[in-house]
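A quick write-up on the structure given underneath.
Bear in mind the structure is a predicted one, so any value in this text is a computation, not a measurement.
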Amino acid sequence: MSMTAVHLLAIAALLQYFVFSTIVGWARGKYGVAAPAVSGHPVFERHYRVQMNTLELLVMLLPALWLAGQFWSPTAAVVGGLVYLVGRGVYALSYVRNPASRTAGFALSIGPTLTLLIGAVVGMLRA
(Lines give C-alpha, C1' and ligand atoms only; values in the text may rest on other atoms or scores of the structure.)
Protein backbone atom coordinates (compact mmCIF):
# COMPACT_ATOMS: atom_id res chain seq x y z
CA MET A 1 0.00 0.00 0.00
CA SER A 2 1.21 3.53 -0.67
CA MET A 3 1.14 6.83 1.15
CA THR A 4 -1.62 7.85 -1.26
CA ALA A 5 -3.90 5.39 0.54
CA VAL A 6 -2.85 6.92 3.87
CA HIS A 7 -3.69 10.37 2.54
CA LEU A 8 -7.08 9.14 1.32
CA LEU A 9 -7.75 7.78 4.79
CA ALA A 10 -6.91 11.18 6.27
CA ILE A 11 -9.36 12.79 3.85
CA ALA A 12 -12.02 10.25 4.86
CA ALA A 13 -11.49 11.12 8.54
CA LEU A 14 -11.86 14.81 7.73
CA LEU A 15 -15.01 14.15 5.70
CA GLN A 16 -16.45 12.14 8.59
CA TYR A 17 -15.79 15.10 10.87
CA PHE A 18 -17.47 17.39 8.32
CA VAL A 19 -20.56 15.14 8.40
CA PHE A 20 -20.63 15.24 12.21
CA SER A 21 -20.34 19.05 12.08
CA THR A 22 -23.18 19.27 9.58
CA ILE A 23 -25.35 17.12 11.84
CA VAL A 24 -24.69 19.56 14.69
CA GLY A 25 -25.95 22.40 12.50
CA TRP A 26 -29.06 20.39 11.66
CA ALA A 27 -29.59 19.59 15.36
CA ARG A 28 -29.33 23.29 16.25
CA GLY A 29 -32.30 23.97 14.01
CA LYS A 30 -34.31 20.93 15.01
CA TYR A 31 -33.89 21.45 18.76
CA GLY A 32 -33.89 25.27 18.76
CA VAL A 33 -30.37 25.82 20.08
CA ALA A 34 -29.27 29.15 18.62
CA ALA A 35 -25.57 29.82 18.09
CA PRO A 36 -23.36 30.47 19.99
CA ALA A 37 -25.09 28.35 22.66
CA VAL A 38 -23.72 24.83 23.10
CA SER A 39 -26.31 23.62 25.55
CA GLY A 40 -30.04 23.30 25.54
CA HIS A 41 -31.72 20.16 24.29
CA PRO A 42 -30.00 16.93 25.45
CA VAL A 43 -29.97 15.36 21.97
CA PHE A 44 -28.36 18.48 20.49
CA GLU A 45 -25.74 18.34 23.26
CA ARG A 46 -24.97 14.70 22.40
CA HIS A 47 -24.45 15.55 18.73
CA TYR A 48 -22.26 18.47 19.75
CA ARG A 49 -20.17 16.26 22.05
CA VAL A 50 -19.69 13.72 19.24
CA GLN A 51 -18.39 16.53 17.03
CA MET A 52 -16.08 17.96 19.69
CA ASN A 53 -14.81 14.56 20.88
CA THR A 54 -14.03 13.69 17.26
CA LEU A 55 -12.16 16.96 16.80
CA GLU A 56 -10.15 16.30 19.97
CA LEU A 57 -9.14 12.86 18.68
CA LEU A 58 -8.35 14.09 15.15
CA VAL A 59 -5.55 16.18 16.64
CA MET A 60 -3.80 12.92 17.55
CA LEU A 61 -5.01 10.72 14.71
CA LEU A 62 -3.87 12.72 11.70
CA PRO A 63 -0.19 13.17 12.62
CA ALA A 64 -0.04 9.60 13.98
CA LEU A 65 -1.57 8.31 10.73
CA TRP A 66 0.90 10.19 8.53
CA LEU A 67 3.95 9.40 10.64
CA ALA A 68 3.02 5.73 10.98
CA GLY A 69 2.50 5.52 7.24
CA GLN A 70 5.85 7.13 6.58
CA PHE A 71 8.04 5.45 9.19
CA TRP A 72 6.24 2.23 10.13
CA SER A 73 3.91 0.82 7.46
CA PRO A 74 1.42 2.42 5.07
CA THR A 75 -0.69 -0.74 5.26
CA ALA A 76 -0.80 -0.62 9.06
CA ALA A 77 -1.69 3.07 8.90
CA VAL A 78 -4.59 2.43 6.52
CA VAL A 79 -5.89 -0.49 8.59
CA GLY A 80 -5.64 1.59 11.76
CA GLY A 81 -7.38 4.48 10.04
CA LEU A 82 -10.20 2.25 8.84
CA VAL A 83 -10.74 0.87 12.34
CA TYR A 84 -10.77 4.47 13.63
CA LEU A 85 -13.43 5.48 11.09
CA VAL A 86 -15.66 2.55 12.02
CA GLY A 87 -15.07 3.28 15.69
CA ARG A 88 -16.07 6.91 15.29
CA GLY A 89 -19.23 5.82 13.49
CA VAL A 90 -20.10 3.39 16.28
CA TYR A 91 -19.23 6.07 18.85
CA ALA A 92 -21.50 8.64 17.20
CA LEU A 93 -24.48 6.33 16.92
CA SER A 94 -24.16 4.97 20.44
CA TYR A 95 -23.42 8.33 22.09
CA VAL A 96 -26.46 10.00 20.56
CA ARG A 97 -28.66 7.04 21.52
CA ASN A 98 -27.28 6.64 25.05
CA PRO A 99 -24.01 8.29 26.16
CA ALA A 100 -23.31 5.47 28.61
CA SER A 101 -23.07 3.03 25.68
CA ARG A 102 -20.17 4.81 23.94
CA THR A 103 -17.38 2.57 25.29
CA ALA A 104 -17.02 0.25 22.28
CA GLY A 105 -16.89 3.13 19.82
CA PHE A 106 -14.40 4.98 21.98
CA ALA A 107 -12.16 1.92 22.22
CA LEU A 108 -12.33 1.40 18.45
CA SER A 109 -11.22 5.01 18.01
CA ILE A 110 -8.56 5.52 20.65
CA GLY A 111 -7.00 2.05 20.25
CA PRO A 112 -5.93 2.49 16.63
CA THR A 113 -4.87 6.08 17.29
CA LEU A 114 -2.52 5.02 20.10
CA THR A 115 -1.28 2.05 18.07
CA LEU A 116 -0.44 4.34 15.15
CA LEU A 117 1.32 6.75 17.48
CA ILE A 118 3.42 3.97 19.00
CA GLY A 119 4.12 2.54 15.52
CA ALA A 120 5.25 5.98 14.36
CA VAL A 121 7.64 6.37 17.29
CA VAL A 122 9.09 2.88 16.87
CA GLY A 123 9.43 3.37 13.13
CA MET A 124 11.17 6.71 13.59
CA LEU A 125 13.58 5.25 16.13
CA ARG A 126 14.47 2.48 13.69
CA ALA A 127 14.97 4.90 10.77
Side-chain angles (χ1 to χ4, degrees):
M1 212 161 284
S2 70
M3 282 301 291
T4 300
V6 175
H7 298 153
L8 288 171
L9 225 304
I11 290 168
L14 293 170
L15 287 172
Q16 183 182 55
Y17 177 72
F18 180 81
V19 169
F20 292 165
S21 299
T22 302
I23 291 169
V24 169
W26 165 83
R28 276 189 185 284
K30 180 174 181 176
Y31 299 108
V33 180
V38 294
S39 62
H41 194 280
V43 177
F44 163 77
E45 291 175 10
R46 292 173 190 172
H47 284 295
Y48 179 74
R49 287 310 314 153
V50 166
Q51 177 199 12
M52 296 314 299
N53 291 341
T54 300
L55 178 61
E56 293 161 2
L57 199 50
L58 271 175
V59 170
M60 280 196 316
L61 174 76
L62 292 175
L65 182 71
W66 292 321
L67 292 168
Q70 183 69 37
F71 292 102
W72 182 29
S73 162
T75 301
V78 168
V79 170
L82 287 170
V83 173
Y84 166 88
L85 288 174
V86 170
R88 280 285 98 184
V90 170
Y91 180 85
L93 292 173
S94 62
Y95 194 100
V96 170
R97 193 175 315 119
N98 175 11
S101 70
R102 70 190 186 276
T103 305
F106 177 75
L108 287 170
S109 303
I110 196 70
T113 302
L114 291 174
T115 301
L116 291 171
L117 185 58
I118 291 166
V121 170
V122 170
M124 289 176 75
L125 291 174
R126 289 183 178 168

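A continuous path of ILVMFWY side-chain contacts below 4.5 Å connects Val38 to Leu55, so both sit in one hydrophobic cluster. Linking ILVMFWY side-chain heavy atoms closer than 4.5 Å, directly or via other members, places Val96 and Val90 in two distinct hydrophobic clusters. Taking hydrophobic clusters as Ile, Leu, Val, Met, Phe, Trp and Tyr residues chained together by side-chain heavy-atom distances below 4.5 Å, Tyr17 shares a cluster with Val24. Hydrophobic clustering of Ile, Leu, Val, Met, Phe, Trp and Tyr side chains at less than 4.5 Å, counting indirect connections, unites Met52 with Ile110. Under the 4.5 Å side-chain heavy-atom criterion for grouping Ile, Leu, Val, Met, Phe, Trp and Tyr, Ile118 is not connected to Met124 through any hydrophobic cluster.
Under the 3.5 Å distance criterion, the side-chain polar atoms of Arg28 are matched with a main-chain donor or acceptor of Ala37. Between the side chain of Arg102 and the backbone N or O of Pro99, at least one donor-acceptor pair lies under 3.5 Å.
Across all their heavy atoms, Phe106 and Tyr91 have their closest contact at N-CD1, 3.7 Å. Ala12 and Leu85 get closest at one heavy-atom pair: CB-CD1, 3.8 Å. Closest of all the heavy-atom pairs between Ala77 and Val6 is CB-CG2, 3.9 Å. Contact record, Pro112 with Ala107: CD-O, 3.8 Å, taken as the closest heavy-atom pair. A pairwise comparison of heavy atoms in Ser21 and Gln51 identifies OG-NE2, 3.0 Å as the closest pair. Here the closest heavy-atom approach between residue Ser109 and residue Tyr84 is recorded as O-CD1, 3.7 Å.
Under the side-chain contact (heavy atoms from CB on, under 4.5 Å) criterion, Leu93 pairs with Arg97, sequence neighbours left out. Residues satisfying the side-chain contact (heavy atoms from CB on, under 4.5 Å) criterion with Leu14, sequence neighbours excluded, are Leu58, Leu62.
Taking CE from Met3 and CG from Leu9, the interatomic distance works out to 10.5 Å, rounded to the nearest 0.5 Å. In this structure, NE2 in His41 is found 10.0 Å from NE2 in His47, a value given to the nearest 0.5 Å. Between the CZ atom of Phe18 and the CD1 atom of Ile23 there is a distance of 11.0 Å, given to the nearest 0.5 Å. To the nearest 0.5 Å, the span separating CE on Met60 from CG on Leu114 amounts to 5.5 Å. A distance of 8.5 Å separates CH2 in Trp66 from CG in Leu61, rounded to the nearest 0.5 Å. Separating the CG atom in Leu57 from the OG1 atom in Thr113 is a distance of 4.0 Å, to the nearest 0.5 Å.
Each salt bridge (charged side-chain N to carboxylate O under 4.0 Å, His left out) pair with one or both residues in residues 54-81, not counting sequence neighbours, appears once here: Arg49-Glu56.
Between Arg88 and Asn53 there is a side-chain heavy-atom pair separated by less than 4.5 Å.
Using bins of under 30°, 30° to 60° and over 60° for the plane-to-plane angle, the ring pair Tyr31/Trp26 lands in the perpendicular bin.
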